[in-house]
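Below is one structure, written out as C-alpha cells; the observations come after it.
Throughout, numbering of the chain's residues begins at 1 and tracks the sequence.
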Amino acid sequence: MENSRAGEGESGSGRTERERCQGRTESAARPAHGRPAGERGDGTTPAEHVRELLDRAQNGFEIGEPVLARLRTALMHQAELRSYRQRNDESRPLRCNTYRHVFLLADGSSLLLYELEHDTGTEEEFLYELYAREDALDRAERRVHERIGGGIGPGGETEELPAWLAEELLLAMGPTRPRREYVCDASPDHARRLLRRAENEDGPGEVVRELLQGALGHHIALITKPRRRGAGRDATWCRFYEHAFLLEGGGEVSLWELEHNMNTDGRLVCEVYLDEAEAEVAADRHARAQGVEL
C-alpha cells in the first residue's frame with residue numbers, strides 16, 4: 001500500500017506552522033526548494049508515479065490525453081490491492097493481481113487508474129496492463145483468468161475471491177494520520193470550492209465559511225479507514241478526506257469530506273462535514289439505504 005500526502009517532507013526547523021506558511025507564501029508556486037506537494041517519503045510524486053505506471057504497462061499508449069491532462073494536476077495518490085488470484089497446480093504458479101491507483105486532483109475530484117499484473121506470459125515475470133475504464137479492466141481480467149484456467153475462486157467458477165484484501169491488511173495496522181504540512185496557496189479559494197461542491201444540507205454553516213476566508217494555509221489528507229465489505233464483487237466507492245486549514249493566530253479548523261457513489265444513480269458525490277464522526281455516520285446511512293455493507 002502506498003499513500004501519498006500533499007506537502008509532506010519539509011523539516012520544522014524550529015518555526016511554527018504559521019511562520020513557515022507565511023514565509024513560503026510568495027514562493028509557493030516555485031518548486032525549486034523542498035519537495036513538491038503530493039510527494040511520498042520515498043521521493044515519488046504523483047506525476048512520477050504516473051510515469052512509472054505508463055513505462056511498465058504494455059498498453060500505456062491506450063491511456064488518452066484527456067486522462068493524462070487531468071492526472072498532471074494530481075496532488076496525492078494511493079495504490080490499493082483490488083483483487084488477486086493464484087493457481088498453484090500448474091508447472092509454475094500463475095498469478096493475477098489488480099491494483100486501483102487513486103489520484104486526488106487539484107479541483108478536489110478523484111481519478112482512477114486500474115493496473116492488471118499477471119505472469120501468464122511465456123517468461124516467469126510479471127506483465128502489466130493499465131486501464132482508465134472499469135469495463136475495459138473487466139474484459140482484460142476475463143482474458144487473463146481464461147489463460148490461468150480453473151475456477152475463479154475456491155468453491156467454483158461463480159465464486160470470487162475475497163474483495164478489498166488491502167483494507168483487511170490495513171485493519172491490523174489501524175487508522176493512519178499524516179503529519180500536516182500546510183500549503184499557502186489560495187487557501188480561502190480552496191475552502192470555497194470545497195464547500196461549493198458539497199451536496200449535503202447539514203454541512204458547515206455560514207460562520208465556518210466566513211472563518212475560512214482568512215485561512216493562511218491548507219493541507220489535504222486521504223484518511224485510511226479500513227471498513228468491512230461483503231464477499232464478491234464490490235463497486236462501492238467510499239473515501240474520506242481531511243481538509244485542514246491554518247488560521248490567523250495559529251488556530252486550525254478541519255473539514256471532513258465524504259466522497260461516495262452510494263446513491264440511486266451511482267454518480268460520485270461530495271459531502272462535507274465539520275465533524276469526522278458525522279461523516280462516518282453519513283457514510284453508514286447511505287450504505288444502509290442502498291443495501292451495501294461497508
Side-chain angles (χ1 to χ4, degrees), residues 1-11 20-21 24-82 97-117 126-134 136-137 166 176 178-187 189-190 193-194 197 217-224 237 239-244 257 259 268 270:
M1 172 68 81
E2 298 172 338
N3 192 5
S4 171
R5 300 188 285 269
E8 183 175 331
E10 287 195 16
S11 62
R20 292 207 303 275
C21 199
R24 292 203 304 264
T25 300
E26 294 183 357
S27 59
R30 293 176 295 160
H33 300 287
R35 197 175 286 165
E39 186 169 313
R40 293 202 313 259
D42 63 1
T44 303
T45 66
E48 291 168 341
H49 186 64
V50 172
R51 284 197 295 271
E52 290 175 0
L53 293 175
L54 294 173
D55 287 345
R56 66 176 175 244
Q58 293 180 303
N59 64 332
F61 56 89
E62 295 180 2
I63 304 300
E65 181 56 34
V67 173
L68 296 178
R70 294 185 65 201
L71 286 172
R72 294 187 189 106
T73 72
L75 300 175
M76 66 176 72
H77 68 283
Q78 176 173 324
E80 306 167 335
L81 179 62
R82 182 177 184 268
N97 307 314
T98 302
Y99 297 91
R100 176 163 41 193
H101 298 266
V102 188
F103 295 86
L104 177 64
L105 308 183
D107 62 2
S109 63
S110 297
L111 190 151
L112 301 181
L113 289 180
Y114 300 97
E115 184 178 31
L116 185 62
E117 175 189 66
F126 277 116
L127 304 173
Y128 297 89
E129 302 174 27
L130 196 62
Y131 299 94
R133 292 170 53 90
E134 192 169 13
L137 171 71
T176 60
R179 180 172 59 87
R180 291 174 183 165
E181 288 286 348
Y182 287 98
V183 176
C184 315
D185 184 20
S187 297
D189 188 50
H190 175 73
R193 292 197 307 269
L194 175 64
R197 290 198 311 272
H218 66 280
H219 172 79
I220 310 170
L222 175 63
I223 302 301
T224 301
W237 179 257
R239 279 294 177 269
F240 293 90
Y241 300 93
E242 180 189 16
H243 298 257
E257 179 186 5
E259 185 184 58
L268 204 60
C270 165

Validation row: [X], [Y] side chains within 4.5 angstrom (heavy atoms):
X: V67; Y: L113; result: yes
X: L127; Y: E117; result: no
X: F61; Y: I63; result: no
X: L116; Y: Y99; result: no

Gap between atom [atom2] of [Y] and atom [atom1] of [X] - 0.5 Å precision:
X: E48; Y: L53; atom1: CD; atom2: CG; result: 12.0 Å
X: E129; Y: Y114; atom1: CD; atom2: OH; result: 15.5 Å
X: E242; Y: H218; atom1: CD; atom2: NE2; result: 12.5 Å
X: L68; Y: L54; atom1: CG; atom2: CG; result: 6.0 Å
X: L75; Y: T45; atom1: CG; atom2: OG1; result: 11.5 Å
X: M76; Y: Y241; atom1: CE; atom2: OH; result: 7.5 Å

Identify the heavy atoms of [X] and [Y] that sit nearest to each other, and give their distance.
X: S109; Y: R70; result: OG-NH2, 3.2 Å
X: F103; Y: A74; result: CD2-CB, 4.1 Å
X: Y128; Y: E115; result: CD2-OE2, 3.3 Å
X: Y182; Y: A244; result: CE2-O, 3.6 Å

Are H101 and H77 linked by a side-chain donor-acceptor pair shorter than 3.5 Å?
->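 Their side chains do not contain a donor-acceptor pair, so the 3.5 Å distance test is not met.
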
For S110 and E259, test the side chains for any donor-to-acceptor distance below 3.5 angstrom and give the result as yes or no.
-> yes

Report the residues that fulfil ring-ring contact (aromatic ring centres under 6.0 Å, His included) with H243, sequence neighbours left out, ordered by chain and then residue number.
->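 Testing H243 for ring-ring contact (aromatic ring centres under 6.0 Å, His included), a comparison that skips the adjacent residues, returns H190.
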
With a cut-off of 6.0 Å (strictly less than), are more than 12 heavy atoms of other residues, nucleotides or ligands near CZ of R193?
->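 Result for CZ/R193: enclosed.
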
Does any N or O in the side chain of [X] come within less than 3.5 Å of the main-chain N or O of [Y], such that one atom is a donor and the other an acceptor?
X: N59; Y: L130; value: yes
X: R197; Y: D107; value: yes
X: T73; Y: L105; value: no

With the threshold set at 4.0 Å, does a side-chain nitrogen-carboxylate oxygen contact exist between R72 and E65?
-> yes

Partners passing salt bridge (charged side-chain N to carboxylate O under 4.0 Å, His left out) against R51 (at least two apart in sequence or in another chain) |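 R51: no salt bridge (charged side-chain N to carboxylate O under 4.0 Å, His left out) contacts found.
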
